[in-house]
Every structure is written in structure tokens, then in C-alpha cells.
Amino acid sequence: PEKIAESRKRYASTEEYKTKRRERSARERVLKRDEIVVYMREYRDRNRDKVTNYYREYREANRDSIRISKRNYVKTNVWAHLRHRVGTLLRRSLSNYTISNTKQELLGYSYKELAVHLERQFNNGMSWDEFMKGNIHIDHIIPVSHFKPTSTDDPNFKHCWALCNLRPLWAKDNLTK
């Protein structure tokens with residue numbers, strides 16, 4: 001029995017065993033995914049304060065790495081980039097940008113609808129890659145300064161941000177007009 005236990009211990013420390021164990025654990029997690037999701041949801045509900053404090057402390061301790069990670073995500077993901085650009089435009093167009101609704105509720109259309117609308121108007125070499133590089137702007141056909149929306153409740157806000165007033169425009173053309 002001692003020789004068997006010693007043999008098992010030696011085998012358990014090999015890379016082959018560790019690799020097999022990781023693969024088996026991964027397969028088990030896939031099979032039990034639904035159970036794990038339910039368990040985690042229940043745990044978060046039971047320990048809301050503990051989980052909230054943990055994430056708050058984590059964000060404070062890792063502020064720089066989280067910022068870098070988000071920045072990289074926005075640079076590489078078209079939807080995140082589009083959301084970021086629209087949010088920036090919203091902040092710049094409103095003097096008091098304090099909102100409780102989501103941007104999609106405020107605008108009256110989804111990011112997917114905006115993307116389809118913009119993509120339909122792409123011409124001479126326009127692409128999402130060019131958009132991600134910052135070579136294409138979301139242009140207001142009638143400028144924001146014409147509407148001067150002061151809040152999201154302002155009737156001019158919806159007209160200013162209507163899909164029919166938005167178009168993709170090369171950055172150099174948008175900056176020279």
C-alpha cells in the first residue's frame with residue numbers, strides 16, 4: 001500500500017497528469033455549466049455585500065489595468081467602439097450630460113440599427129476598419145449647434161440624433177467643413 005501511494009503521488013506531480021486533470025475539469029465544467037450558473041447567481045444574491053465589496057476593492061486596486069483593458073477592448077471591438085464614439089458625441093452635444101436611461105433608449109434606436117444605417121452609406125473605401133482607426137466620423141448632416149439641445153428631454157435632442165441626420169464621413173472632410 002505504501003508503494004502504491006508513493007507511486008500515485010509521483011504520477012500526480014507529472015505534467016501528463018496535470019494536463020489530463022485540467023482537461024477533465026474543463027469537460028466537467030462544460031457539462032455542469034447550468035448548475036454552476038445557478039449556484040453563482042444564488043451565491044451573489046446571498047452575499048451581495050461581500051461580492052460588492054470584493055469587486056469595489058478589486059477595481060480600486062487594479063484601476064490602471066482595468067482602464068488599459070477597456071481601452072484595448074474599445075479599440076478592437078466594433079460595437080464597443082461605436083458605443084464609445086456615440087457616448088462621446090452625446091457628452092459633447094449636451095451641456096449637462098446626466099442621464100439615467102441607456103443611450104439606446106435616449107436615441108430611440110439600437111447600435112445595430114445605427115451600424116446598419118451607417119454601413120448602408122459607406123462609399124469609396126469606407127469600412128469598419130477605417131472607422132475603428134478614426135478615419136471615419138459620425139457626422140450630423142444638420143449640425144448639433146443648429147439644434148442646441150440642452151437636455152435629453154429637449155424636443156430638439158431626438159431630431160438632432162435621428163438616424164436620418166447621421167452619416168459616415170471621412171474625418172478629413174468632416175474637419176474641413
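These values consider heavy atoms only, across backbone and side chains, with no hydrogens, waters or symmetry-generated copies. Just so you know, residue 1 is the first one in the sequence shown, and it goes up from there. Remember, it's a predicted structure, so these values are computed and weren't measured experimentally.
Residue pairs that meet the salt bridge (Lys or Arg N to Asp or Glu O under 4.0 Å) test with at least one member in residues 106-135, sequence neighbours left out, are E130-K133. Pairs engaging residues 58-68 under the salt bridge (Lys or Arg N to Asp or Glu O under 4.0 Å) rule: D64-R67 [sequence neighbours left out].
Nearest heavy atom pair, residue G134 against residue A171, reads O-CB, 3.6 Å. Contact detail for Y43 and V51: the closest heavy-atom pair is CE2-CG2, 3.9 Å. Residues F147 and N156 come closest through the heavy atom pair O-ND2, 3.3 Å. The shortest heavy-atom contact between Y11 and Y17 is O-CB, 3.2 Å. When all heavy atoms of I141 and R167 are compared, the closest pair comes out as CG1-CD, 3.7 Å. The two residues L118 and P168 make their nearest non-hydrogen contact at O-CG, 3.5 Å.
Between the side chain of N53 and the main chain of D49, a donor-acceptor pair closer than 3.5 Å is present. For the pair N174 (side chain) and H137 (backbone), a donor-acceptor distance under 3.5 Å is absent. Judged by distance alone, with hydrogens and angles left aside, the side-chain atoms of N77 form a donor-acceptor pair with the main-chain N or O of A80 at under 3.5 Å. Using modelled atom types, one side-chain atom of H81 and one backbone atom of V74 make a donor-acceptor pair closer than 3.5 Å. Formation of a donor-acceptor pair under 3.5 Å by the S25 side chain with backbone atoms of R21 is found in this model. With hydrogens and angles ignored, the 3.5 Å screen pairs a side-chain donor or acceptor of T76 with a backbone N or O of N72.
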**Message:** Using the rule given for side-chain contact (heavy atoms from CB on, under 4.5 Å), can you reason through E42 versus R46, listing the C-alpha separation, both sets of side-chain angles and the distance that settles it, and then say yes or no?
**Reply:** CA-CA 6 Å; E42 289 171 354; R46 281 193 315 269; 3.7 Å; yes
**Asked** How far apart are the C-alpha atoms of W161 and H140, what are their side-chain angles, what is the distance that settles it, and do they pass the ring pair (Phe, Tyr, Trp, His ring centres under 6.0 Å) test?
**Response** CA-CA 8 Å; W161 285 93; H140 286 79; 4.6 Å; yes
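Both V78 and L107 are assigned to one and the same hydrophobic cluster, defined by single-linkage of ILVMFWY side chains at heavy-atom distances under 4.5 Å. Hydrophobic clustering keeps Y73 apart from W128 (ILVMFWY residues linked when any side-chain heavy atoms are closer than 4.5 Å, directly or through intermediates). If you chain together hydrophobic residues whose side chains sit under 4.5 Å apart, M40 and Y58 fall into the same group.
In this structure, the side chains of L114 and L166 come closer than 4.5 Å at one or more pairs of heavy atoms. At least one side-chain heavy atom of R85 sits under 4.5 Å from a side-chain heavy atom of F131. Considering only heavy atoms from C-beta on, L169 stays 4.5 Å or farther from I136 through its side chain. Annotation: side chain of I138 is in contact with side chain of L82 (closest heavy-atom distance under 4.5 Å). Side chains of I36 and R29 form a contact here, defined as non-hydrogen atoms less than 4.5 Å apart. Contact of the L31 side chain with the E28 side chain is not registered, since no non-hydrogen atoms from C-beta on lie closer than 4.5 Å.
Between the NE2 atom of H117 and the SG atom of C164 there is a distance of 7.5 Å, given to the nearest 0.5 Å. Atom OG1 in T52 sits 11.0 Å away from atom CD in E57 (nearest 0.5 Å). Rounded to the nearest 0.5 Å, atoms OG (S7) and NZ (K9) are 12.0 Å apart. In this structure, M132 CE and S127 OG are separated by 10.5 Å, a value rounded to the nearest 0.5 Å. To the nearest 0.5 angstrom, K172 atom NZ is 8.0 Å from N135 atom CG.
Y55 OH: 12 or fewer foreign heavy atoms inside a 6.0 Å radius. Counting heavy atoms of neighbouring residues, nucleotides and ligands inside a 6.0 Å radius, atom CD1 of I4 does not exceed 12 of them.
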